[in-house]
Novice: 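Would you mind keeping the following structure in view while I ask a few things?
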Number of protein chains: 2
Amino acid sequence: MQSSDPIPSAAPTHDPAETRSRLLDAAEQLFAEHGFNGVSMRTITGTAGVNLAAAHYHFQGKEGLYRAVFERRVVPMNEERARLLQACLDEEARTGQLDPSAVLDAFIGPAIRISAAPGADNFRRLSGRASADPSPEARRTIYELYDTVAARFVDILARACPHLAQEDLFWRLACIYGAMMYVRADSGRLQQLLGSEYSMADSSAAMHHIIPVLAAGLAVPSLAKSRGKGKRRSSRGS
Amino acid sequence: MQSSDPIPSAAPTHDPAETRSRLLDAAEQLFAEHGFNGVSMRTITGTAGVNLAAAHYHFQGKEGLYRAVFERRVVPMNEERARLLQACLDEEARTGQLDPSAVLDAFIGPAIRISAAPGADNFRRLSGRASADPSPEARRTIYELYDTVAARFVDILARACPHLAQEDLFWRLACIYGAMMYVRADSGRLQQLLGSEYSMADSSAAMHHIIPVLAAGLAVPSLAKSRGKGKRRSSRGS
DNA sequence: TTAAGTGTCAAACGGACGTTTGAATCATGC
DNA sequence: GCATGATTCAAACGTCCGTTTGACACTTAA
């Protein structure tokens, strides 16, 4: 007995694993397009061809589904980030040098290249937009999932840029985070403004163009007005 | 999730101008905090101490209110942007030089300094977050209100950077827009990550730190792989 | 005084929301 | 066979949503 589905291709299933992945795929796409508050559970389950109650059975509600969408992509991404950052530290231990470009690459690369994973291009846009999503569900999810590795990145980048004061670091990180998030969010605004055919989904082009530009920004000497407060950081060991 | 109790100090009014401005102020704050879909008209009118129907009387519904919130701040901001960009062009006509830093300053300055206007700090966060808000109401509003001056900025910046190909321009603009929007959105994430007391609401500090960093990014030589497609732009006159 | 116009008000409209329920259906082991 | 736990299903729950209505208050001008 099949119910009438909005999407004809989505046939009912009794495989719980497929139910879960169908829900995650539909939610990923729809959250990316409309934001957390812009989609209803009915739309998501309808798109996935899954019963409304099944979504609550598997994910305990809307926020649980939202969090699961992130976890599926962010956990592997964080592992790659941690691995690449560790490689930077290994290189430092060997040569005594810590290249800011390599640190940038280790942090931004996995986030940009995530769209290369099969079916993950929706997640790239979702994660970029979620960084500016003010809804508490989004903020909670992001903080908990990204923070450990992000804090590690900030720490290592600070050591790679000993010429920068804490105040400098704050604003340069704003530029770095901003550029990364803007490329991920991919609002389509620049394509419209430039009338150009370049796409932010091209992860290798993004890395090729963005890393040197951000590295040049990091290389600018300290701009902090050293009034005692804007103290230069000491080289701390950790 | 959101408190729906009206502010006790908000006494009823019969002055239509005050009703309008109270609604705009409450909407500005609540849209910034929760996004377009995250606030209800009841919460907004309750916070403003205004009757629910009055909001529809004055603004013809929720999207009209959203748009009015933007218009109040963006129209003057665009005038300042246009004025400063024209000053760059005047300088170019006089000296034959077009300074990329000055062009950046003319575009970013008014957007950052907007938080200095009385009561406009909520709008700074709102506009930053709206740039990544995928809801059609937000996108429509933004495109229509910002685009004319934004296109002018892109055009002038391109002329100020004759060493850059169209492809370079695309990615550097992503960095510029990203940094500007990230500072405006002010998610509080960097403060948490750094454990620092620096605030993105400090517009003079923001300009002092961000413009030189972005200018250094613009000064990086072209990274476009010149394969015929990534053509260098010709100096066009308009 | 009266008539029109403007703005506010409480109340209601129909619909969409996230979530829950309890029965039906499935695979599996005895 | 039959019991068990896992999963799906249609239907409903109560609440909140954006918007509309029509009565009422106030100002203005003839």
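In what follows, chains carry the letters A, B, and so on, assigned in the order in which the sequence lines appear, proteins first and then strands, with residues in each chain numbered from 1.
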Novice: At under 4.0 Å, does any side-chain N or O of A:H58 touch on OP1 or OP2 of D:dT8?
Specialist: yes

Novice: Using whole Å, report how far CG of B:L30 lies from P of D:dC17.
Specialist: 12 Å

Novice: Between P on D:dG18 and CZ on B:F59, what's the gap in Å once rounded to a whole number?
Specialist: 16 Å

Novice: Strictly below 4.0 Å: does A:T19 bring a side-chain N or O up to OP1 or OP2 of D:dT8?
Specialist: yes

Novice: NE2 of B:H56 versus C1' of C:dT6: gap in Å, rounded?
Specialist: 19 Å

Novice: From CE of A:M41 over to C1' of D:dG14, roughly how many Å is that when rounded to an integer?
Specialist: 17 Å

Novice: Between the protein and nucleotides 11-14 of chain C, which nitrogen or oxygen pairs come in under 3.5 angstrom?
Specialist:
from	atom 1	to	atom 2	distance (Å)
C:dA12	N6	B:R42	NH2	3.3

Novice: Does C:dC17 have OP1 or OP2 sitting under 4.0 Å from an N or O in the side chain of A:S40?
Specialist: yes

Novice: Let me know the distance between CZ of B:R22 and C1' of C:dT8, rounded to the nearest Å.
Specialist: 13 Å

Novice: Identify, with sequence neighbours excluded, every residue that meets side-chain contact (heavy atoms from CB on, under 4.5 Å) alongside B:A68.
Specialist: B:L24, B:F59

Novice: Who are the side-chain contact (heavy atoms from CB on, under 4.5 Å) partners of B:L52, not counting sequence neighbours?
Specialist: B:M41, B:R42, B:T45

Novice: Side chain to side chain donor-acceptor pair (under 3.5 Å), that's the test. Do B:E33 and B:N122 meet it? Break it down for me.
Specialist: CA-CA 8 Å; B:E33 274 174 30; B:N122 284 323; over 6 Å; no

Novice: Calculate the interatomic distance between B:L23 atom CG and C:dC9 atom P; express it in whole Å.
Specialist: 11 Å

Novice: Rounded to the nearest Å, what distance is computed from the CD1 atom of residue A:I44 to the C1' atom of nucleotide C:dA16?
Specialist: 14 Å

Novice: If you check every side-chain atom of A:Y57, which of C:dT8, D:dT8, D:dG18 has the closest atom?
Specialist: D:dT8

Novice: If a pair satisfies salt bridge (charged side-chain N to carboxylate O under 4.0 Å, His left out) and one of its residues is in residues 175-187 of chain A, list it, with sequence neighbours excluded.
Specialist: A:R124-A:D186

Novice: Can a donor-acceptor pair be found between the side chains of A:R152 and A:Q86 at a distance below 3.5 Å?
Specialist: yes

Novice: What pairs with B:T141 under side-chain contact (heavy atoms from CB on, under 4.5 Å), at least two apart in sequence or on another chain?
Specialist: B:Y66, B:R67, B:F70, B:L145

Novice: Salt bridge (charged side-chain N to carboxylate O under 4.0 Å, His left out) with B:E71: which residues, sequence neighbours excluded?
Specialist: none

